[in-house]
Amino acid sequence: MNKKPFYITTTLPYVNAEPHIGHAVEFVRADIIARFKKLQGQDVFFNTGTDEHGLKIYQKAKQLGLEPQAYVDQVSAKFKEIMPLLGIAVDEPGITFNFIRTTDPHHVKAAQTFWMTVKENGYIYKKHYAAKYCVGCELEKTESELVNGKCPLHPLQELEIIEEENYFFKFSAFQQKLLELYEKNPTLVIPDFRFNEIKAFVSRGLEDFSISRLKEKMVWGVPVPDDDKHVMYVWFDALVDYISAIGWPDDEIKGEKSVGAFKKWWIDTGGVVQYCGKDNLRQQSAIWQAMLISAGLPPSKTIVIDASSPAKAASRCPSLWVIPLTRWISSNNTAPTPCAITSPVNCRLSKIHRSPWRSSRRHITRIWRMEWGI
Ligand SMILES: [Zn+2]
């Protein structure tokens, strides 16, 4: 008898910084779910990797005097190396571990096919554009989202003013469709209070957003397939990794043919389980779901929103949360164990700074007991 398939993914961290403990939290928690599903007798696909395009990365590479590709190769390798040290199931029978890079040729091809599909369906158009943009979030900010003229998550960064002709995604067309999707799938977003938050956000109305940049200003992105003056901008490239990782559109995984892969891991599973931090709520639960509908694809299965995200926790507790993992390993002669990461009792950090770990434990225990039967 064929085992029931199960597909889980983390978000892909930006490679503008080395892997730190905040990243480890997300990898390890997703890994625990992957292993649990394997123990329940399911055939598991576990996706993680690195997000390698965008202004933030381009600026960082320039600052270091490196070509963007050389820079992302270096940092992505560090993320890949850290996986086995964290005890992630990279080589576990019954779990297919996949480390995707958004610079992988098969992903770039998938992102371009996705773009063309959405454009042909009438949800991409070009217009003149002027906006305030937070490079830290890689998101446009409306006035109502700012605190003292700054992004509340990145109060030390100046907002960029962007003015040019860009391609837009017709996000505004998806308000009703998203609300219907949320109505039909009462466990699409867990926990409930995060689901309520995103329902309220969508109910207030959606604005179209820019999904390209002029290549002459920012060259580091996936080329827009039918306009060589533009590159795609971050989310419209990166989020597609959740389907390119499992073979969309050509049943190719890492350049190799894998017949029936997309059907097995997306259609037969009922979609992906996305594990992410709370700063990703909007992108994972609204933007990505609208993108899937716009391309005629079925939605995700579940989006697990965790208590803390690296960005938020880092702003609250910078010296501890962002300790590079390599430094942790060299000072402790071992990687932080899953227990250290998920349990405040055994975590050295918790003695110094309790709150993120404590709230994180409460949150994850509740999710796992109620929603996952763990
Ligand atoms: Zn920001």
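Just so you know, ligand 1 is whichever comes first in the structure, and atom 1 is the first atom listed for that ligand.
Residues satisfying the side chain to side chain contact (heavy atoms under 4.5 Å, CB included) test with E143, not counting sequence neighbours, are K132, L146. Residues meeting the side chain to side chain contact (heavy atoms under 4.5 Å, CB included) test with V189, sequence neighbours left out: R194, F195, I198, L281, S285, I303, I305.
For residues 53-68, the set of pairs meeting the side-chain hydrogen bond (donor to acceptor under 3.5 Å, both in side chains) definition, not counting sequence neighbours, comprises H53-D237.
A centroid separation of less than 6.0 Å is found between the aromatic rings of F236 and F169. The aromatic ring centres of Y242 and W266 sit 6.0 Å or more apart.
By the criterion of a separation under 2.8 Å, the protein N/O/S atoms near the Zn ion (ligand 1) amount to C134 SG, C137 SG, C151 SG, H154 ND1.
Atom NZ of K126 has more than 12 heavy atoms from other residues, nucleotides or ligands within 6.0 Å.
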